[in-house]
Amino acid sequence: MREEIIVSGRNNPLIDPLLHVWHWEIPVYLFLGGLAAGLMFFAALYTIRNRENNYKVAVQIAPMFASIALILGLGALFLDLHHKLYFWRLYTTIRLASPMSWGAWILMIVTPISFIWSALHIKSIFPNWDWKFEVIEELLEFFTKYKKVLAWIMLISSAILGIYTGILLSAFNARPLWNTSIMGPLFLASGLSAGTAMVIWISKNHDERKRFAQLDLMIIGIELFLIIHMFMGFLASTQVQIDAANLFLGGEYTASFWIFVVILGMIVPAILEGLELKGYKIPIVIPAILVLFGSVMLRIIISYAGQASRWLY
Amino acid sequence: MAIDTKKCVGCSDCVVACQTENNVPIGYCRDWVVEVMDGTYPQLEIELRSERCNHCENSPCVRCCPTGASHYADGGIVLVTKNECIGCSACIASCPYDARYVHPDGYVDKCTFCLHRVKKGMQPACVAVCPTKCMYFGDLNDPRSDVSKILKKRKHKTLIPEAGTKPQLYFLI
Ligand code: SF4
Ligand code: SF4
């Protein structure tokens, strides 16, 4: 028998007995970042493919929600900081080895793009909108001329943002649950899925809804594949990663993960969307809200469970 | 630093000395003593280890810090610059040894190997106070330092080397 105890006593707040330095702020920040990435990705994609008129809501209106999500997300990140007065230090250096750092910088790029994009389309919601200043009108005209270029930049930067939300966690080798390269694609897929759900929710156009429901079905399929893949990887790995997987396979997070994330957040909405596509009448907000809920829960549960997973020594 | 697990008696003087020397806030500690008990009575084997930040050579805490607040000082000691730290806690999540904590003032804090004492030619507080003289501190690159000499003589180990951080705290076994 082996027993290991700290005899001098160690009860550092937030560290002992199990690490819990990150509460809801970081997962919410990651969710909002992922959602914004999803919304902006599809807006850019359909602009590049000249489908702007078919998918009006996705291209013109959804990115405004992305701007809001990004502001709220940055707010959540700020709330998480313990030494808030020094926030600006984030922007005095670029440290490529630190995901926190390049995440902060990618947000600095993505947020203004989302604002510009929203400004370009504000007249489609408020036809009488008046910018008051000549300069702004001129600036927007300039961006309208190069909209395709802007769309390409937005496409790439939003994909990076989406992957970043997962890499932030996967870069920590101290937490075996996070330390898998599946985290990047999984969080990107989850963000894209949240983006499609949002479009389905706010769009009134039948064709647009149908297209995004098809997209969402496909993305949910990819997510399920990635999740299975993640567990296969863990179970075939070292003891610490087997232990990490067991948090979800009988351990503390089993019920919450499988019920909230997989069943309610993926399988149920996929079935509902599938039925809707087949012609059954289903209030479309239900699957949309379930997908968004699943996407938040995925990040909350992974980030809490990750802090509970550790090396043995 | 090298620590002799055979000499340590688990008195926790090092913990108190550190708290006093470094004004560690009440309820926190930068070092701690672990007791590992193996076997069943009466065949018991005990290992006592005074642990702290390992001042890793490939430290994930320095790598993931977005501001450069966590850095290597001369000689490889890993330090946090208070007024560069934003308190994002990324370094805390990245340390496999849970050696860091958030100071009540907001910045992240941890063992400094008492660099302020070392600069004056003194030993770190924990080393100086240890009643069994079980700790050896010095420059690992200098073959004549106490720590290099003892590591040459004695069998030793580091904690979870498989985490890939190249820890620089050696336990004599
Ligand atoms: S023990 Fe932890 S805090 Fe210390 S250098 Fe290594 S990773 Fe960083
Ligand atoms: S909490 Fe401070 S020292 Fe740690 S990673 Fe963030 S900025 Fe760097």
Side-chain angles (χ1 to χ4, degrees), chain A residues 1-19 21-22 25-26 77-78 80-105 168-169 171-176 178-179 238 240 303 306-307 310-313, chain B residues 10-16 25 27-40 44 47-48 50-51 60-69 82-108 159-160 162-165:
Chain A
M1 215 188 75
R2 189 184 173 90
E3 195 184 52
E4 198 166 325
I5 43 169
I6 297 182
V7 280
S8 67
R10 187 185 76 174
N11 200 13
N12 288 341
L14 305 182
I15 313 293
D16 298 305
L18 274 180
L19 184 73
V21 276
W22 283 348
E25 295 92 343
I26 290 286
L77 174 63
F78 183 70
D80 167 70
L81 302 182
H82 293 277
H83 219 198
K84 294 189 173 47
L85 280 181
Y86 294 84
F87 181 70
W88 52 275
R89 282 279 180 190
L90 264 181
Y91 294 107
T92 51
T93 44
I94 299 187
R95 305 190 73 84
L96 289 179
S98 158
M100 255 303 172
S101 173
W102 60 265
W105 281 102
L168 179 70
L169 298 183
F172 291 125
N173 80 331
R175 312 293 154 199
W178 292 343
N179 193 213
T238 54
V240 286
S303 101
Q307 297 182 68
R310 53 172 307 169
W311 285 83
L312 321 151
Y313 75 97
Chain B
C11 65
S12 303
D13 274 6
C14 47
V15 179
V16 178
Y28 292 76
C29 56
R30 293 181 180 182
D31 56 351
W32 58 94
V33 180
V34 174
E35 177 187 291
V36 188
M37 180 119 57
D38 263 318
T40 36
L44 290 175
E47 178 180 288
L48 284 157
S50 170
E51 296 184 9
C61 57
V62 171
R63 205 179 328 128
C64 76
C65 176
T67 64
K82 262 199 246 188
N83 48 16
E84 281 179 22
C85 172
I86 59 173
C88 68
S89 309
C91 53
I92 295 183
S94 82
C95 172
Y97 309 92
D98 290 342
R100 298 175 161 238
Y101 57 83
V102 185
H103 189 281
D105 288 346
Y107 56 89
V108 165
L159 299 177
I160 33 172
E162 61 275 24
T165 62

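Chain A is the first sequence line, chain B the second, and so forth, proteins listed ahead of strands; every chain is numbered from 1. Since the structure is predicted, the reported quantities are computational estimates derived from the model, not experimental observations.
For the options Leu90(A), Leu19(A), Asn11(A), heavy-atom pairs under 4.5 Å to chain B are most numerous at Leu90(A). In terms of heavy-atom pairs under 4.5 Å with chain A, the best-connected choice from Cys85(B), Gly27(B), Cys11(B), Ser12(B) is Cys85(B). Interface remark: of the candidates Val108(B), Val102(B), Val62(B), Val16(B), Val102(B) forms the most heavy-atom pairs closer than 4.5 Å to chain A.
For the atom pair CZ (Arg310(A)) and SG (Cys95(B)), the distance works out to 9.5 Å, reported to the nearest 0.5 Å. A distance of 11.5 Å separates CZ in Arg2(A) from CE in Met37(B), rounded to the nearest 0.5 Å. Taking OG of Ser101(A) as the start and CZ of Arg63(B) as the end, the distance is 14.5 Å to the nearest 0.5 Å. Taking OG1 of Thr238(A) as the reference point, atom CD of Glu162(B) lies at 8.5 Å (rounded to 0.5 Å). The distance from the OG1 atom of Thr67(B) to the CH2 atom of Trp88(A) is 10.0 Å, given to the nearest 0.5 Å. Note that CD1 of Ile92(B) is 10.0 Å distant from CD of Gln307(A), once rounded to the nearest 0.5 Å.
For the pair Arg100(B) (side chain) and Ile15(A) (backbone), a donor-acceptor distance under 3.5 Å is absent. Between the side chain of Arg175(A) and the main chain of Ala93(B), a donor-acceptor pair closer than 3.5 Å is present.
Between Asp98(B) and Arg10(A), some side-chain heavy-atom pair lies under the 4.5 Å cut-off. Leu14(A) is not listed as a side-chain neighbour of Tyr101(B), based on a closest heavy-atom distance of 4.5 Å or more. The shortest side-chain heavy-atom distance between Ser98(A) and Cys65(B) does not fall under the 4.5 Å cut-off. Contact of the Cys29(B) side chain with the Asn12(A) side chain is registered, since non-hydrogen atoms from C-beta on lie closer than 4.5 Å. For the pair Tyr28(B)/Pro13(A), a side-chain contact is recorded, criterion being any heavy-atom separation below 4.5 Å from C-beta on.
Neither the backbone nor the side chain of Glu47(B) comes within less than 4.5 Å of any heavy atom in chain A. The contact between Trp22(A) and chain B is made entirely by side chain atoms (from C-beta outward), counting heavy-atom distances below 4.5 Å. Interface residue Cys88(B): backbone and side-chain heavy atoms are both found under 4.5 Å from chain A. Only the side chain of Trp178(A) comes within less than 4.5 Å of a heavy atom in chain B; its backbone stays farther off. Proximity to chain B is absent for every atom of Leu168(A), based on heavy atoms less than 4.5 angstrom apart.
Across every non-hydrogen atom of Trp311(A) and Pro96(B), the tightest pair is CD1-CB, 4.1 Å. Between Ala90(B) and Phe172(A), the closest heavy-atom pair is O-CE2, 3.3 Å. Minimum heavy-atom separation, Gly68(B) to Arg95(A): N-CD, 3.3 Å. Residues Ser94(B) and Asn173(A) approach most closely at O-OD1, 4.5 Å, considering heavy atoms.
A side-chain contact (heavy atoms from CB on, under 4.5 Å) with Ile86(B) is found for exactly one of His82(A), Arg89(A), Lys84(A), namely Arg89(A). Of the residues Cys64(B), Pro66(B), Cys91(B), the one that meets the side-chain contact (heavy atoms from CB on, under 4.5 Å) test with Met100(A) is Pro66(B).
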